[in-house]
Number of protein chains: 2
Amino acid sequence: MEQLREMLKGHQLRTTTCREDVLSTFISKKNALSHGDLEGMLGENYDRVTIYRTLKTFLEKGIIHKVLDDEGLRYALCSQSCSEEKHQHDHIHFKCNECGETNCIENLHIPAVKLPEGYIPENFNLLIQGTCPKCKS
Amino acid sequence: MEQLREMLKGHQLRTTTCREDVLSTFISKKNALSHGDLEGMLGENYDRVTIYRTLKTFLEKGIIHKVLDDEGLRYALCSQSCSEEKHQHDHIHFKCNECGETNCIENLHIPAVKLPEGYIPENFNLLIQGTCPKCKS
DNA sequence: TTCAACATGCAACAGGGTTGCAAGATATTT
DNA sequence: AAATATCTTGCAACCCTGTTGCATGTTGAA
Ligand SMILES: [Mn+2]
Ligand SMILES: [Mn+2]
Ligand SMILES: [Zn+2]
Ligand SMILES: [Zn+2]
């Protein structure tokens, strides 16, 4: 609990119970979470708008990053190396079609791609869908 | 115009002006289109719901495929090889941050990735964002 | 031309996401 | 410890995307 305060402070954020709860939810669940997921878990304590704004703030501060999948937008904790200025997000995301969970695969980088002449790449986003180890029968 | 009828017929679809217009829009614009784009272009002639249903039908028949990007969902024409039963979509999508267009890069396949033990991959979706040849100063 | 099957428009709805504003909480200074 | 400036929250209202039910209009084949 004290860790959460430190973590928020480290990003120049005031400590509020909503921010602590959202952050600790991201830390305990390891998978990517949508706003709806968080609202389901914390919605009795906080207004949905507050949860939206908390996500937006965490995004801006480099605490979480966006995860795209076919169902919409989710968010996951950034690795240590992310800050407000610089994000490091060339890792792969895996969505399991059985359990529906989407996870960051931190250790696996997106392989280089040789684009046609004239394309200047900046960001990469690779989503792989399939079956995760937990759901593999 | 006759080509459109043939194309629809080939997918067991009745010819309607909405389907012809949506299909010909996909063919003339080469980039991925959102429902909103189509509504902007055709919305005076057709109800938005009809456009939604046209997109859904085209998806099911393998005429178009989904394209994910950070702003939401778009659609693009499938290559010849796609049908209702089998889709072939291991190509890369490129979104230009200048002009906002998203395009299929048909000739470029997504490179193989060695996932950790236990993951069974089925679909791949790689979005690269950056600057496209047209917008490169 | 007739008719069943299919497609459309309209209305209504659910969900995701944003904004303005007044009231409440936080960190800092005195 | 109290006062204050600054930031955060809740609420209401709103827009956008996408879906569904149903009555009416069209299509293509007999
Ligand atoms: Mn990630
Ligand atoms: Mn494509
Ligand atoms: Zn799973
Ligand atoms: Zn461009």
Side-chain angles (χ1 to χ4, degrees), chain A residues 1-2 4-25 32-61 63-75 84 100 102, chain B residues 1-2 4-25 32-61 63-75 84 100 102:
Chain A
M1 326 303 139
E2 189 52 34
L4 299 174
R5 301 181 73 89
E6 289 307 317
M7 202 161 160
L8 293 170
K9 224 171 203 170
H11 288 275
Q12 280 83 255
L13 288 177
R14 289 192 180 175
T15 308
T16 70
T17 58
C18 181
R19 285 172 180 173
E20 287 179 324
D21 284 353
V22 170
L23 184 51
S24 93
T25 303
L33 301 172
S34 66
H35 172 270
D37 295 332
L38 289 162
E39 195 184 347
M41 295 183 272
L42 305 174
E44 311 214 333
N45 304 319
Y46 310 105
D47 192 86
R48 32 188 297 282
V49 178
T50 302
I51 298 174
Y52 274 115
R53 291 199 264 229
T54 301
L55 289 170
K56 197 174 188 180
T57 302
F58 282 8
L59 262 186
E60 289 165 358
K61 294 295 182 177
I63 298 175
I64 59 177
H65 64 279
K66 289 187 183 183
V67 180
L68 300 172
D69 76 32
D70 58 339
E71 291 181 86
L73 195 49
R74 294 171 202 248
Y75 304 88
E84 193 161 1
T102 302
Chain B
M1 326 303 140
E2 190 52 34
L4 298 174
R5 302 181 72 88
E6 289 306 317
M7 202 161 159
L8 292 170
K9 224 171 203 172
H11 288 276
Q12 281 84 252
L13 288 177
R14 290 190 180 176
T15 308
T16 69
T17 57
C18 181
R19 285 173 182 173
E20 288 180 324
D21 284 353
V22 170
L23 184 51
S24 94
T25 304
L33 301 172
S34 66
H35 172 271
D37 295 332
L38 289 161
E39 195 184 346
M41 296 184 271
L42 306 173
E44 310 213 333
N45 305 318
Y46 310 105
D47 192 86
R48 28 189 302 281
V49 177
T50 302
I51 298 174
Y52 273 116
R53 289 199 264 229
T54 300
L55 289 170
K56 198 174 188 179
T57 303
F58 283 8
L59 261 185
E60 288 164 359
K61 294 294 181 180
I63 298 174
I64 58 177
H65 65 279
K66 289 187 184 183
V67 179
L68 299 172
D69 77 30
D70 59 339
E71 291 181 86
L73 194 48
R74 294 171 201 247
Y75 305 87
E84 193 162 1
T102 302

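Because the structure is predicted, anything quoted here is derived from the model rather than measured. Lettering follows sequence order; numbering is per chain, from 1.
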Quiz item: Hey, would you say the B:Y52 and B:H35 ring centroids sit under 6.0 Å apart?
Solution: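 Yes, ring centres under 6.0 Å apart.
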Practice problem: Have a look at B:T15 and say if it touches a base, only the backbone sugar-phosphate, or nothing, with a 4.0 Å heavy-atom cut-off. | Solution: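 Result for B:T15 = sugar-phosphate.
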Take the protein atom [atom1] of [X] and the nucleotide atom [atom2] of [N], then report the distance between them rounded to whole Å.
X	N	atom1	atom2	value
B:E20	C:dA7	CD	C1'	14 Å
A:E39	D:dG10	CD	P	12 Å
A:H11	D:dC7	NE2	C1'	18 Å
B:D21	C:dA7	CG	P	16 Å
B:L8	D:dG28	CG	C1'	14 Å
B:E60	C:dA7	CD	P	10 Å
B:Y46	D:dG25	OH	C1'	15 Å
B:K9	D:dA29	NZ	C1'	11 Å

Self-check item: B:T16 side-chain N/O to C:dT8 phosphate OP1/OP2 under 4.0 Å
Solution: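 B:T16 to C:dT8 OP1/OP2: side-chain N or O found under 4.0 Å.
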Exercise. Ignoring hydrogens and angles, state whether a donor on the side chain of B:T54 or B:Y46 is under 3.5 Å from an acceptor on the partner side chain.
Key: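 No.
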Exercise. Go through the side-chain N and O atoms of A:D47 and A:T50 and say whether any donor and acceptor fall under 3.5 Å apart.
Key: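 Absent: no donor and acceptor within the cut-off.
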Name the closest nucleotide to the [X] side chain, picking from [options].
X	options	result
A:L73	D:dG10, C:dG17, D:dT17	C:dG17
B:R48	D:dT17, C:dG17, D:dT20	D:dT17
B:D47	D:dG18, D:dC7, C:dG9	C:dG9
A:V49	D:dT20, C:dT8, D:dA12	D:dA12
B:H35	D:dG18, D:dT20, D:dT9	D:dG18
A:Y52	D:dT17, C:dG16, C:dA25	C:dG16

Quiz item: Can a salt bridge be assigned to the pair B:K66 and A:D70 using a cut-off of 4.0 Å between side-chain N and carboxylate O?
Solution: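 Here B:K66 does not pair with A:D70 in a salt bridge, since their nearest N and O are not under 4.0 Å apart.
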Quiz item: D:dG18 base to B:R53 side chain: any donor-acceptor pair below 3.5 Å?
Solution: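 Checked by distance alone, the answer is no.
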Self-check item: B:R19 (side chain) and C:dA7 (base): donor-acceptor pair under 3.5 Å
Solution: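 For B:R19, whose side chain was compared with the base of C:dA7, there is no donor-acceptor pair (under 3.5 Å).
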Quiz item: If each of A:L13 and B:R5 is mapped to the nucleotide of DNA chain D with the nearest heavy atom, which maps nearer the 5' terminus, i.e. the 5' end?
Solution: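 Nearest nucleotide further toward 5': that of A:L13.
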Quiz prompt | Donor-acceptor contact below 3.5 Å, side chain B:R74 vs main chain B:T102 | solution =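 Absent.
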